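Source: prediction; values computed, not measured. Within every chain, numbering begins at 1; the chains are lettered A, B, ... in the order of the sequence lines, protein sequences first and strands thereafter.
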There are 2 protein chains.
Amino acid sequence: MIQNLEILKALSDMNRLRIVTALGHYEELCACQITELLQVTGATVSRHLGILQHAGVLKSRKEGRWIYYRLAPPADADALFQWLQESIGASDELKADRKALEKIAGIGREDLCRMQRGEDCCPK
Amino acid sequence: MIQNLEILKALSDMNRLRIVTALGHYEELCACQITELLQVTGATVSRHLGILQHAGVLKSRKEGRWIYYRLAPPADADALFQWLQESIGASDELKADRKALEKIAGIGREDLCRMQRGEDCCPK
DNA sequence: TATATATTTAGACGTTTAGCTAAATAAGAA
DNA sequence: TTCTTATTTAGCTAAACGTCTAAATATATA
C-alpha cells in the first residue's frame with residue numbers, strides 16, 4: 001500500500017485522531033495514559049498505537065514496564081501534520097480531551113495505573 | 001462526525017485518492033471518464049463520488065445526461081489538499097493513471113461512453 | 001410519445017475493522 | 001524464584017466498507 005494512503009487510513013479514526021492530537025500537545029505519553037484518556041480497553045489502545053506506529057506516525061520508547069509513545073511523522077508528511085494540529089483541535093470532543101489530559105498528566109504514572117486497576121486510591 | 005475526520009475518511013481509500021488526484025490535474029471530469037479510469041462499475045464510482053461530495057471535497061454540475069465533478073475542498077482544508085497534490089502523485093499507480101487520463105480525455109465523451117457499452121467503435 | 005442512455009439507488013455478498021475478553025509476553029519487585 | 005503488572009497477541013462478534021448486479025431515475029433523441 002502507498003505510504004501516504006496508509007497514513008491517511010491511520011488518521012481516519014476518531015480515537016487515533018485523539019491520540020495524535022494528544023501527542024501533539026504532550027511530547028510523549030505512555031500507553032496507560034492514553035488508555036485513561038480514551039476510556040477503552042488497554043488492548044484496544046495497543047491496537048490503535050500499533051496501527052499508528054506501523055504507518056510511521058509514532059515511535060515508541062520502552063522504560064521499565066512502561067512504553068512511551070511520541071509523534072514521529074515522516075518528513076514528507078510534515079504539511080499534513082501541521083494542518084492536523086492547527087485545524088483539528090477546534091472540535092469540542094478534542095477540547096474536552098485537552099482538559100482530561102491535564103488531569104491525567106498531573107496524576108503520575110504509578111497512581112494512574114493503580115487507579116485503573118480499581119484500587120481507587122488516588123485523587124478523584 | 002467531525003468535518004475533518006469525514007474528509008480524512010473520504011480520502012483513505014485508494015480509488016477515491018485516484019479520483020481526487022485525477023481532478024487535481026483535470027479541472028473537471030464526468031462520471032463516465034472516472035469509470036473508465038478506475039475500471040470498476042459505474043455504480044461503484046457513483047458511490048465513491050457521493051462519499052467525496054458528502055465530505056465536501058467535490059462539487060458536481062449537471063449538463064444534459066452527463067454529470068461533471070470538480071475539486072472543491074473547504075478553505076480550512078487547503079493545506080491538506082496542497083500536501084495531497086504535492087506528495088501523492090509520486091506513487092507508481094498514480095503515475096499510470098496520469099497516462100491513462102491523457103488517453104481518456106482525448107477520446108471525447110460520446111465515443112468514450114459508446115466504448116464503455118461495448119460498441120467497440122472507437123480509437124483503440 | 002417511445003426508446004436509448006448516463007447516473008443513482010437498493011440489495012446482496014465478502015472483506016475489513018473496532019471493540020471486547022482472555023491468554024501470552026516482558027519486565028520490575030518481593 | 002515467584003508474584004505483580006503494563007502491554008501485546010489471539011480469538012471472537014458486530015458494524016462498516018467496497019464491490020457487484022439489477023432496478024429506478026432523469027434526460028436526450030427519434
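Distance B:Met14 CE to D:dC17 C1': 17 Å, rounded to the nearest Å. Atom CD1 of B:Ile19 is separated from atom P of C:dT7 by 13 Å (rounded to the nearest Å). Rounded to whole Å, the distance from CD on B:Gln39 to P on D:dC20 is 10 Å. For B:Leu49 and C:dA6, the CG to P distance is 16 Å, given to the nearest whole Å.
For the side chain to side chain donor-acceptor pair (under 3.5 Å) criterion with B:Glu28, the lone passing option out of B:Lys59, B:Gln33, B:Arg61, B:Arg70 is B:Arg61.
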**Study point:** Worked check of side chain to side chain donor-acceptor pair (under 3.5 Å) between A:Glu6 and A:His54
**Key:** CA-CA 9 Å; A:Glu6 190 174 353; A:His54 187 267; 2.4 Å; yes

Check your understanding: Given B:Gln53 and B:Ser60, is the side chain to side chain donor-acceptor pair (under 3.5 Å) satisfied, shown in steps?
Key -> CA-CA 8 Å; B:Gln53 200 164 10; B:Ser60 65; 2.9 Å; yes

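Residues A:Leu49 and A:Ile19 are in side-chain contact: their nearest non-hydrogen atoms beyond the backbone lie under 4.5 Å apart.
Within a heavy-atom distance below 4.0 Å of DNA chain C, the residues of residues 53-65 of chain A found are A:Lys62, A:Gly64.
Picking from D:dT9, D:dT7, C:dT7 the nucleotide with the shortest atom distance to the side chain of B:Trp66 gives C:dT7. Side-chain proximity of A:Tyr69 to the nucleotides C:dC20, D:dT9, D:dT7 is greatest for D:dT7.
Within 6.0 Å of CD on B:Gln39 lie more than 12 heavy atoms contributed by other residues, nucleotides or ligands.
Residues A:Asp13 and B:Leu5 come closest through the heavy atom pair N-CD1, 3.7 Å. In this structure, A:Asp76 and B:Ser87 approach most closely via the heavy-atom pair O-CB, 4.3 Å.
Look at B:Ser46 and you won't find any side-chain N or O under 4.0 angstrom from OP1 or OP2 of C:dT7.
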What nitrogen or oxygen pairs link the protein and nucleotides 16-18 of chain C at under 3.5 Å?
unit_1 : atom_1 : unit_2  : atom_2 : d
C:dA18 : OP1    : A:Arg16 : NH1    : 3.0
C:dA18 : OP1    : A:Arg16 : NH2    : 2.7
C:dA18 : OP2    : A:Arg47 : NH1    : 3.3
C:dA18 : OP2    : A:Arg47 : NH2    : 3.0

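Grouping the Ile, Leu, Val, Met, Phe, Trp and Tyr side chains by contacts below 4.5 angstrom, directly or via other members, places B:Met14 with B:Leu52.
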